[in-house]
Amino acid sequence: MSENNSISVQLNKINDNTWEVPQGYRPGMRVPGRLFLSFPLLEMLEQGTLDQVANVATLPGIQKYSMAMPDAHLGYGFPIGGVAAFDREEGVISPGGVGFDINCGVRLIRSNLLESDVRPYIKDILEKLFHAIPSGVGSKSRLRVNDDQLDDIFINGSNWAVENGYGIPEDIEKCESQGMMEGALVKQVSTKARQRGRPQLGTLGSGNHFLEIQYVAEVYDRKAADAFGLYEGQVTCMIHCGSRGAGHQICTDHLRNLTQAAQKYNIYLPDKQLACAPTDSSEAQNYFGAMVCAANYAWVNRQIIMHWARGVFQDFFKQDIDELGMNLVYDVAHNVAKLEEHRIENKKKEIYVHRKGATRAFPPMHPDIPQAYRKVGQPVLIPGSMGTASYVLHGTYDSMDISFGSACHGAGRVMSRAHAKHEFRGEQIQRELSEKGISVRATQPALIAEEAPEVYKSSSDVVDVVHNLGIARKVARLMPIGVVKG
DNA sequence: ATGTAC
């Protein structure tokens with residue numbers, strides 16, 4: 001018997017895609033855990049990820065169950081691919097439940113171009129995008145903002161971007177939270193976080209972040225695709241990045257405070273990385289206010305990148321923005337905590353939903369989704385790994401009952417970066433992708449090796465789990481033509 | 001993910 005078979009015997013099977021971590025799995029669990037996985041994906045789950053789901057279940061005020069999505073893997077304290085909701089009065093807020101890259105997220109832009117318009121020129125277009133949008137570790141922007149502008153960005157998010165010429169008012173409507181969360185506390189952002197953030201607006205970063213030119217390969221749900229403005233053969237552009245050094249520094253700074261706070265408020269932590277504080281404490285609220293600053297910064301970052309990408313297409317095709325039809329379909333956050341109203345045991349309740357590597361998937365008619373999408377539900381954007389399909393889904397009523405209105409966020413890594421670098425050569429991977437009709441422009445070959453398709457789970461397997469569970473339903477599959485990587 | 005270690 002393989003080591004991984006031991007995973008399933010520790011769990012109760014609820015249905016083909018739901019496994020319960022019993023409350024007795026580990027002392028101090030206040031609720032059970034729930035893993036949303038098919039059996040083959042469950043067999044790939046690390047024991048450590050299961051333990052993290054159980055650890056999160058010990059935190060005060062946790063609601064219903066500690067959850068892991070099908071792409072879950074080991075994270076800082078909380079698993080990546082984790083969802084945990086805490087009572088507004090009796091719960092906690094934890095930076096580990098959000099992650100270091102605050103408001104890492106994805107945006108999808110549609111166009112009036114067809115695959116055949118773009119494919120012949122993809123290398124040239126990628127080169128221009130690569131030069132227009134700085135990428136890589138520590139990359140610096142050509143845009144510089146002063147401290148007052150940075151405050152404006154922290155407080156007003158996407159509104160700042162549009163008011164300053166980076167996009168159009170419609171872009172704001174098509175962002176989760178309209179690209180701006182309320183409650184920014186700029187005084188809770190350290191000088192160091194400001195210094196790191198000031199030169200990085202409009203930069204892609206590194207790792208699994210990317211800008212990808214894709215085409216719609218298949219539509220599964222015509223009605224929803226129509227609402228989102230998507231059709232087969234159409235070219236789309238997907239941007240995946242976050243809050244760069246600013247968010248990272250904000251997380252680091254406040255983790256220190258919350259580690260002390262957990263002791264001060266006598267919160268039992270099975271793992272120090274679960275540092276947290278009661279929701280109404282100054283420590284928790286200060287973190288939350290700083291987290292909002294980083295979230296708003298990330299929306300501005302993606303907005304500026306989109307603006308520059310639009311510029312490249314305008315220059316290249318000699319068309320204006322209306323002719324090109326490069327409209328924002330949607331922008332989702334997948335690393336953030338939000339105060340939301342949910343129905344629990346038939347009562348409306350305010351809870352802090354922590355989604356870390358998980359996407360909000362709100363249902364039709366929800367007031368927090370754009371008017372244009374009210375009949376079909378929120379667009380849920382699931383990027384694949386480099387060279388594999390990405391998916392567009394829509395949110396459902398069931399997601400509100402099953403997962404606090406949440407779904408998965410991506411493919412999920414199965415091999416460490418170090419191992420991948422040892423196993424693969426960047427040039428070789430690049431050649432293989434090229435043979436499949438996918439061009440890659442990256443800062444260095446080693447990065448391509450670290451992000452090889454083989455080091456991730458299959459995005460289609462992961463998406464099938466959320467689709468079959470009904471927490472989000474498939475609308476369209478997008479295939480890459482060209483990728484810009486940091 | 002990340003000025004890839006304080």
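Each chain gets a letter, A, B and so on, in the order its sequence line appears, and its residues count up from 1.
Rounded to whole angstrom, the span from the CG atom of N103(A) across to the C1' atom of dT2(B) amounts to 16 Å. Atom-to-atom, NE2 of H248(A) to P of dT4(B) comes out at 9 Å; the value is rounded to the nearest Å. Atom OH of Y76(A) is separated from atom P of dT2(B) by 17 Å (rounded to the nearest Å). Between D253(A) atom CG and dC6(B) atom C1' there is a gap of 14 Å when expressed in whole angstrom units. Across the protein-nucleic acid pair, D101(A) atom CG and dT2(B) atom P stand 6 Å apart, rounded to whole Å. Spacing between atom NZ of K421(A) and atom C1' of dT4(B) amounts to 9 Å, rounded to whole angstrom units. Put simply, CD on Q249(A) is 15 Å from P on dA5(B), counting in whole angstrom units. Rounded to an integer number of Å, the gap from CZ of R256(A) to P of dC6(B) is 11 Å.
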Atom pairs and distances, donor-acceptor, side-chain atoms in residues 269-277 of chain A, under 3.5 Å, two or more places apart:
residue, atom, partner, partner atom, Å
D271(A), OD1, Q273(A), N, 2.9
Q273(A), OE1, G77(A), N, 2.8

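Between E340(A) and R355(A) a salt bridge is recorded (basic side-chain N to carboxylate O distance below 4.0 Å). Between D147(A) and R198(A) there is a salt bridge, with a side-chain nitrogen of the basic residue lying less than 4.0 Å from a carboxylate oxygen of the acidic one.
Q195(A) comes within contact range of no nucleotide atom at all, as no heavy-atom separation falls under 4.0 Å. Nucleic acid contact class of K192(A) (heavy atoms, under 4.0 Å, all strands): base. Heavy atoms of G242(A) sit nowhere under 4.0 angstrom from any nucleic acid atom. If you check every strand for non-hydrogen atoms under 4.0 Å, S206(A) touches sugar and phosphate atoms only.
Take Q430(A) and apply the side-chain hydrogen bond (donor to acceptor under 3.5 Å, both in side chains) test, not counting sequence neighbours, and it matches no residue.
Residues R417(A) and V137(A) each lie close to DNA chain B; by heavy-atom proximity, the contact nearer the 5' end of the strand is made by R417(A).
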